[in-house]
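Remember, predicted model here, so these are calculated numbers, not experimental data.
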Amino acid sequence: MMGPSPTRYVDGPHLSGPRARVLELLQETDAAVSVDQVAAELGLHPNTARKHLDGLVTMGAAAGESTPGGGRGRPARLYVAAGHAEPDSRVRDYAALATVLAGYLSRTSVDPRQEALAAGEAWGRAVTAGEERGSPAHAREVTLRLLSDLGFAPHRAEKAGVVRLVRCPLLDAAREHPEVVCGVHLGMVRGALEQLGAEPDDATLIPFAEPGACILQMTPGPSNKR
């Protein structure tokens, strides 16, 4: 499926993309699953699947239990997701309010995308008002940290200034009202960059650009026409 995955909340450090997908599979599965089941479902080598599963157990995001095997070798081990933490209050409040506003703007606004951009820009400036202004590079770093805190799980691409957003805290609303929700997200980035001393119009966003991610660009480039 094109675009990012839903944001998941867990205690501990941010997860890599592959490990987060393993956790999501556990969270979406009622029964305990084996290494081989996870490997087959996600197209991973069993050793890679085991590494991610054991890593999730170590950080407390999953639990594993050994069961008697049917033959020789190590006992079978089954895994389940542990309880996950409540989201940061900024994420929870933002998600609830933005979902309602997305539907309202889509129904009532003459230009919902432009209004969404303006709202996002104001919000981006507000949430970074206490941050120190600096170079464009500093502005991009702080903006990436904000995106990470909000649950977007940004990953730098090989091309300079390009970021893959592999999670979305408002995925369902974004699929239903992309002109509003994605407009707010782009506006938030632009507002934050402006507040922090960078050029806001350098930022562009391509929603649902590829399997597993939206694409954010924060430096000037030929695609900055959106």
Engineer: Please report the interatomic distance CG(Leu216) to NE2(His155), rounded to the nearest 0.5 Å.
Structural biologist: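 It comes to 13.5 Å.
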Engineer: In Å and rounded to the nearest 0.5 Å, what is the NE2 to NZ distance from His45 to Lys51?
Structural biologist: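 If I round to the nearest 0.5 Å, the distance is 13.0 Å.
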Engineer: Testing the basics here: between Arg190 and Pro200, what is the closest heavy-atom pair and its distance to 0.1 Å?
Structural biologist: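 In terms of heavy atoms, the two residues are closest at CG-O, 3.2 Å.
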Engineer: I want to check something: taking the side chain as every heavy atom from C-beta on, are Leu53 and Val38 in contact at a cut-off of under 4.5 Å?
Structural biologist: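 The answer is yes; the side chains approach within 4.5 Å.
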Engineer: What heavy-atom pair brings Ala174 and Cys182 nearest, and what distance separates the two atoms?
Structural biologist: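 Here Ala174 and Cys182 meet closest at CB-SG, 4.4 Å.
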Engineer: Looking at side-chain heavy atoms only, is the closest gap between Leu165 and His185 below 4.5 Å?
Structural biologist: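 A side-chain contact under 4.5 Å is absent here.
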Engineer: Heavy atoms, side chains only, cut-off 4.5 Å: are Val100 and Tyr104 in contact?
Structural biologist: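 With C-beta onward as the side chain, the pair stays apart.
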Engineer: Please report the C-alpha distance between Val33 and Glu41 in whole Å, then the side-chain angles of each, then the deciding distance to 0.1 Å, and finally whether the side chain to side chain contact (heavy atoms under 4.5 Å, CB included) criterion is met.
Structural biologist: CA-CA 11 Å; Val33 295; Glu41 182 70 23; over 6 Å; no
Engineer: Please find the pair of heavy atoms, one from Ala139 and one from Thr143, that lie closest to each other, and give the distance.
Structural biologist: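 Smallest heavy-atom distance, with atoms named: O-OG1, 2.8 Å.
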Engineer: Look up atom CG in Leu44 and atom CZ in Arg50, then write down how far apart they are to the nearest 0.5 Å.
Structural biologist: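 Result: 12.0 Å between the selected atoms.
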Engineer: Does a donor on one side chain sit under 3.5 Å from an acceptor on the other, for Arg19 and His52?
Structural biologist: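 Distance-only check passes for Arg19 and His52.
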Engineer: Would you say that Thr219 contacts Arg140 through its side chain, given a criterion of any heavy-atom pair below 4.5 Å between the two side chains?
Structural biologist: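 A side-chain contact exists here, since the closest heavy-atom pair is under 4.5 Å.
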Engineer: In the single-linkage hydrophobic clustering (I, L, V, M, F, W, Y; side-chain heavy atoms under 4.5 Å), do Met188 and Val142 co-cluster?
Structural biologist: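 No, it is not one cluster - the side chains of Met188 and Val142 are not joined through contacts under 4.5 Å.
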Engineer: Please report the closest heavy-atom contact between Gly183 and Leu117, naming both atoms and the distance.
Structural biologist: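 The pair with the smallest heavy-atom distance is O-CD2, 3.4 Å.
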Engineer: Any idea which heavy atoms bring Phe208 and Cys214 closest together, and the distance?
Structural biologist: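 Looking at all heavy atoms of both residues, the closest pair is N-SG, 3.2 Å.
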Engineer: As an exercise, state the distance from CD of Glu194 to CD of Glu199, rounded to the nearest 0.5 Å.
Structural biologist: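 CD of Glu199 is found 8.0 Å from CD of Glu194.
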Engineer: List the atom of Gly64, the atom of Val57, and the distance in Å for their closest heavy-atom pair.
Structural biologist: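 Smallest heavy-atom distance, with atoms named: N-CG2, 3.9 Å.
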Engineer: Could you tell me if the side chain of Glu65 sits less than 4.5 Å from the side chain of Leu78, heavy atoms only?
Structural biologist: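 No, every pair of side-chain atoms sits at 4.5 Å or beyond.
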Engineer: Once you round to the nearest 0.5 Å, how far does CZ of Arg164 lie from CD of Glu210?
Structural biologist: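 Here the rounded value is 4.5 Å.
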Engineer: Please determine, by modelled atom types, if Gln195 and Thr128 share a side-chain donor-acceptor pair under 3.5 angstrom.
Structural biologist: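 No donor-acceptor contact under 3.5 Å links the two side chains.
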Engineer: To the nearest 0.5 Å, tell me how far Tyr79 OH sits from Leu23 CG.
Structural biologist: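 The distance works out to 14.0 Å.
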Engineer: Give a yes or no answer on whether the side chain of Ser106 reaches the backbone of Ala102 with a donor-acceptor pair at less than 3.5 Å.
Structural biologist: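 At least one qualifying donor-acceptor pair exists.
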Engineer: Evaluate the side-chain proximity of Leu42 to Leu25: yes if any heavy-atom separation is below 4.5 Å, no if none is.
Structural biologist: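 Touching, per the 4.5 Å side-chain cut-off.
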Engineer: Side-chain heavy atoms under 4.5 angstrom apart, residues restricted to Ile, Leu, Val, Met, Phe, Trp, Tyr: same cluster for Leu186 and Leu196?
Structural biologist: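 Result: no, two separate clusters.
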Engineer: I'd like to know if the side chain of His177 reaches the main chain of Leu105, judged simply by a donor and an acceptor atom lying under 3.5 Å from each other, with no hydrogens or angles considered.
Structural biologist: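 No, because the side chain of His177 does not come within donor-acceptor range (under 3.5 Å) of the backbone of Leu105.
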